[in-house]
Amino acid sequence: MTTTVTVLNGVDTIGGNVVAFETQTARVIMDFGINFAPAESQPDDLLSNGVLPALPDLFTDIAGDKQTAIFISHLHLDHMGALKYLTKLTPVYMTMASATLYAELIRQGLELAPNAQVQVIAPNKDVQIGDLTVRAFATDHDIMGAVMFEVTDGQHRFVHSGDVRYDGWHPERVTAWTQYLHEHRPDLFFVEGTEFSFDDDTSRQRRTEATVLTDFTNAMASDDLVVINPYERNVERLMNLSAAARQANRELVWDERFAGILRAMGVSNEIMLGQDVTVADIQQQPGRYVLQNHFDNLHLLDAFDTFSYLHMNGEPLGDYDPRYADLTAYLAQRGVALQLAGASGHATPDDLLRIAVEVDAKMTLPWHSFHPEREAEALRQIGIETYLPKKGETFTFE
Ligand SMILES: [Zn+2]
């Protein structure tokens, strides 16, 4: 039996990583993200210029000849943004938390993928796609329901790390899957390398979910209104922020989008602006509240004389986004400091090396990085068998 592994996209970018595992009759694809596509893009254009992975039968009316399924490690755009371009009904596996969040994002009009047939994959339970077996393992990333995937053909074992960090709230999950893999020695281990992308800035202290909460609690010690800008898909952080606010005798007030997501994810008793609390209520007692603010509603903040502003990985995420300049200009004009109070979902370079050592694959392939060659070099220096994959490259296993 022959199994091929083809690297379709995302070898030197953060996200958009797509790899296909194929036998004579079955095909498993993971993940299914996209880096950047202008609005109104047509699938065939994106296919011909290589923005979409080279899987013509999924994006045109060309017929496919294999049983195919897509697996999504987590619900960040760079891992699932290509789903909306599917032109025919295709099974798409994700965890229950991802599926619930996805359904809510679709309900709110924030996502749309009419041809994605969502199926739930539970961690540690095998899913059979023809003669390929896929197993998901719970991991730690800055989104709920994140997993990594193992694919086996009965003889060979391949692993896609997904996005991972070792200093979030669930390091034991990472330890569990690295130990499992250590016992099974994968043939190929595709490992993310996001944090190898950036030039070393030793003055920049590593921030974690714990520092996010500490900064938040410190900000709430004043009598001012605290405004936060988190990312709506990091639901676990939203829940923790809510609990921390309650501890500080404040009420965290969410906009409709965030309140809807929290409700869908099973969190009750969250407070929604306009429904449970009004702007006037907050104006009267600013020290009793925390206000979540999305960039789209930035000018809602005109209603408040003063406030502190904690940017917690919401939009706009960084200065590569033109809206970031608008945000900084607005805050400067209001005399409010922009406090960067987020945390990364990605492991430090040291932790990535540690993960690779613990997994001890026969071959480790760094990707999901602007500088995968740096990760490759660091891995080789510690004696890890490493290969830098190229876009379109196929590995064959007999
Ligand atoms: Zn990613």
Side-chain angles (χ1 to χ4, degrees), residues 1-37 41-73 77-83 85-88 90 92 129 132 134 149 151 153 156-163 186-194 196-197 361-377 379 385-398:
M1 184 172 119
T2 304
T3 302
T4 61
V5 180
T6 305
V7 180
L8 291 163
N9 233 350
V11 291
D12 57 2
T13 54
I14 294 180
N17 308 72
V18 186
V19 58
F21 305 92
E22 288 179 68
T23 65
Q24 202 91 58
T25 53
R27 180 173 56 170
V28 159
I29 301 159
M30 57 182 64
D31 273 313
F32 215 64
I34 196 164
N35 269 310
F36 174 76
S41 300
Q42 292 305 312
D44 29 358
D45 292 338
L46 296 174
L47 192 59
S48 54
N49 64 21
V51 173
L52 283 174
L55 297 163
D57 62 298
L58 296 184
F59 301 115
T60 65
D61 50 16
I62 297 171
D65 58 352
K66 288 177 185 179
Q67 185 186 346
T68 295
I70 296 169
F71 288 78
I72 302 295
S73 67
L77 286 172
D78 61 328
H79 294 261
M80 44 70 73
L83 291 175
Y85 298 107
L86 286 171
T87 51
K88 49 180 80 95
T90 310
V92 177
I129 307 296
L132 291 170
V134 182
F149 290 118
V151 182
D153 63 2
H156 308 99
R157 193 178 302 271
F158 314 107
V159 177
H160 164 44
S161 74
D163 289 354
D187 293 270
L188 298 179
F189 176 44
F190 288 90
V191 64
E192 71 125 311
T194 311
F196 276 96
S197 300
K362 289 175 196 157
M363 186 65 75
T364 300
L365 302 96
W367 68 343
H368 193 287
S369 177
F370 292 136
H371 289 294
E373 76 287 354
R374 291 182 186 167
E375 185 173 20
E377 181 54 29
L379 286 163
E385 199 68 44
T386 303
Y387 185 78
L388 211 50
K390 295 168 200 68
K391 180 168 172 165
E393 190 166 9
T394 297
F395 306 88
T396 304
F397 293 81
E398 301 287 351

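Just so you know, these numbers use all the heavy atoms, side chains as well, and skip hydrogens, waters and symmetry mates.
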Do the side chains of [Y] and [X] get nearer than 4.5 Å, heavy atoms only?
| X | Y | value |
| --- | --- | --- |
| L58 | F32 | yes |
| M30 | V19 | yes |
| D187 | F397 | yes |

- May I ask you to decide if V11's main-chain N or O and K391's side chain share a donor-acceptor pair within less than 3.5 Å? no

- Query: Is it true that atom CD of E393 has more than 12 heavy atoms of other residues, nucleotides or ligands lying nearer than 6.0 Å?
  - Reply: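 Counting neighbours around CD of E393, more than 12 heavy atoms of other residues, nucleotides or ligands fall under 6.0 Å, so yes.
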
- Message: Looking at D61, I'd like to know if its CG atom is crowded, meaning that more than 12 non-hydrogen atoms belonging to other residues, nucleotides or ligands lie closer than 6.0 Å.
- Response: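 Atom CG in D61 is not crowded, with 12 or fewer foreign heavy atoms closer than 6.0 Å.
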
- Message: Can you confirm whether the side chains of S369 and S197 place a donor and an acceptor under 3.5 Å from each other?
- Response: yes

- Item | Full working for side chain to side chain contact (heavy atoms under 4.5 Å, CB included) between E375 and V191 | CA-CA 10 Å; E375 185 173 20; V191 64; 3.8 Å; yes

[X]: partners by side chain to side chain contact (heavy atoms under 4.5 Å, CB included), with sequence neighbours left out:
| X | result |
| --- | --- |
| K88 | D57 |
| Q24 | none |
| D12 | P372 |
| D163 | H74, D78, H79, H141, E192, H346, H368 |

- Item | Those residues that, when tested against T396, pass side-chain hydrogen bond (donor to acceptor under 3.5 Å, both in side chains) (two or more places apart) |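 side-chain hydrogen bond (donor to acceptor under 3.5 Å, both in side chains) list for T396, sorted by chain: empty.
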
- Message: I need the minimum non-hydrogen distance between A26 and I129, along with the two atoms involved.
- Response: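 So the two residues come closest at CB-O, 3.3 Å.
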
- Task: Evaluate side chain to side chain contact (heavy atoms under 4.5 Å, CB included) for V7 paired with L365, printing each intermediate quantity in order.
- Result: CA-CA 11 Å; V7 180; L365 302 96; 5.6 Å; no

- Mind checking the CH2-CG spacing from W367 to N17? Nearest 0.5 Å is all I need.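 These two atoms lie 4.5 Å from each other.
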
- To the nearest 0.5 Å, what is the distance between CD (E22) and OG1 (T394)? 8.0 Å

- Which residues satisfy the ring-ring contact (aromatic ring centres under 6.0 Å, His included) test with Y387, sequence neighbours excluded? F395

